[in-house]
Amino acid sequence: MASPRTITIVALSVALGLFFVFMGTIKLTPRLSRDAYNEMKRAYKSYVRALPMLKKMGVSSILLRKSIGALEVACGIVMTLVPGRPKDVANFLLLLLVLAVLFFHQLVGDPLKRYAHALVFGILLTCRLLIARQPEEQPLEKRILSVNGEEQPLIHDAAPEKGKIKVS
């Protein structure tokens with residue numbers, strides 16, 4: 001049976017992956033929602049206007065929106081479908097992306113209700129990454145320490161029960 005840790009990681013990975021595939025697709029095409037697509041176009045124009053250095057580097061609002069959308073879709077697919085270490089890499093990239101988007105929202109002075117979802121999903125990405133990076137809890141019988149080639153139980157496993165005195 002899968003551990004609660006594994007179930008949590010899989011559930012967060014699938015939910016976050018699907019969310020970012022959806023949001024990335026909205027940034028790339030108006031097929032899902034024309035209103036949301038037009039709102040994304042407007043928002044990214046204001047982000048580029050607020051950061052003149054992007055204009056100097058030749059980054060247009062269209063390029064910024066489409067590159068962020070494509071990265072969200074790609075990382076979302078990895079988070080949903082690909083097993084192992086690539087999920088953690090995609091998680092980290094999405095977390096950096098969310099931080100950049102939060103920066104953009106703050107830069108243009110958006111109210112909290114416009115970027116609350118990014119804040120929540122950033123927290124979820126952080127939680128998923130922290131849970132995934134924790135070592136797996138080993139069963140009690142596998143907790144042994146090798147000293148000079150001999151296996152010995154760890155100190156906290158070998159300690160007598162509370163209230164009992166070990167006499168040798």
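Since we're looking at a predicted model, the values are computed, not measured.
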Is [X] atom [atom1] crowded by more than 12 heavy atoms from other residues, nucleotides or ligands, each under 6.0 Å away?
X: F22; atom1: CZ; value: no
X: R42; atom1: CZ; value: yes
X: I62; atom1: CD1; value: no

For the hydrophobic clusters of this structure (ILVMFWY residues joined by side-chain heavy atoms under 4.5 Å, transitively), does one cluster hold both [X] and [Y]?
X: L129; Y: V10; value: no
X: I123; Y: L102; value: no
X: V89; Y: M79; value: no
X: L12; Y: V21; value: no
X: L32; Y: M40; value: yes

Report yes if the side chains of [X] and [Y] come closer than 4.5 Å at any heavy-atom pair, otherwise no.
X: Y115; Y: V98; answer: no
X: Y37; Y: L28; answer: no
X: E72; Y: K27; answer: yes
X: F121; Y: V101; answer: no

- So which heavy atom on P83 is nearest to which on P86, and how close?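 Closest approach of P83 to P86: O-CD, 3.5 Å.
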- Task: Identify the two heavy atoms, one from C75 and one from A90, that lie closest to each other, and give their separation to 0.1 Å.
- Result: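 C75 and A90 have their closest heavy atoms at O-CB, 3.7 Å.
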Rounded distance (nearest 0.5 Å) linking atom [atom1] of [X] with atom [atom2] of [Y]:
X: S46; Y: L107; atom1: OG; atom2: CG; result: 9.0 Å
X: S61; Y: R65; atom1: OG; atom2: CZ; result: 6.5 Å
X: L18; Y: I77; atom1: CG; atom2: CD1; result: 10.0 Å
X: I68; Y: F104; atom1: CD1; atom2: CZ; result: 5.5 Å
X: T80; Y: L16; atom1: OG1; atom2: CG; result: 8.5 Å
X: L94; Y: T126; atom1: CG; atom2: OG1; result: 11.0 Å

- Message: Under the rule for side chain to side chain donor-acceptor pair (under 3.5 Å), what residues qualify as partners of R133, not counting sequence neighbours?
- Response: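 By the side chain to side chain donor-acceptor pair (under 3.5 Å) rule, R133 matches D88.
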- Task: For the pair N91 (side chain) and K87 (backbone), establish whether a donor and an acceptor sit closer than 3.5 Å, ignoring hydrogens and angles.
- Result: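 It does not hold such a pair.
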- Please check if the side chain of R5 supplies one atom and the backbone of A132 the other of a donor-acceptor pair under 3.5 Å.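 Here the side-chain-to-backbone pair exists.
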- Task: Have a look at D110 and tell me which of K113, Q106, R114 forms a side chain to side chain contact (heavy atoms under 4.5 Å, CB included) with it.
- Result: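 Among the candidates, only R114 passes.
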- L125 and its side chain to side chain contact (heavy atoms under 4.5 Å, CB included) partner, picked from L97, L93, L95: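 By the side chain to side chain contact (heavy atoms under 4.5 Å, CB included) criterion, L125 pairs with just one of L97, L93, L95: L95.
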- Message: Ring centroids only, cut at 6.0 angstrom: are Y44 and Y47 within range, meaning strictly under it?
- Response: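 That pair passes the under 6.0 Å test.
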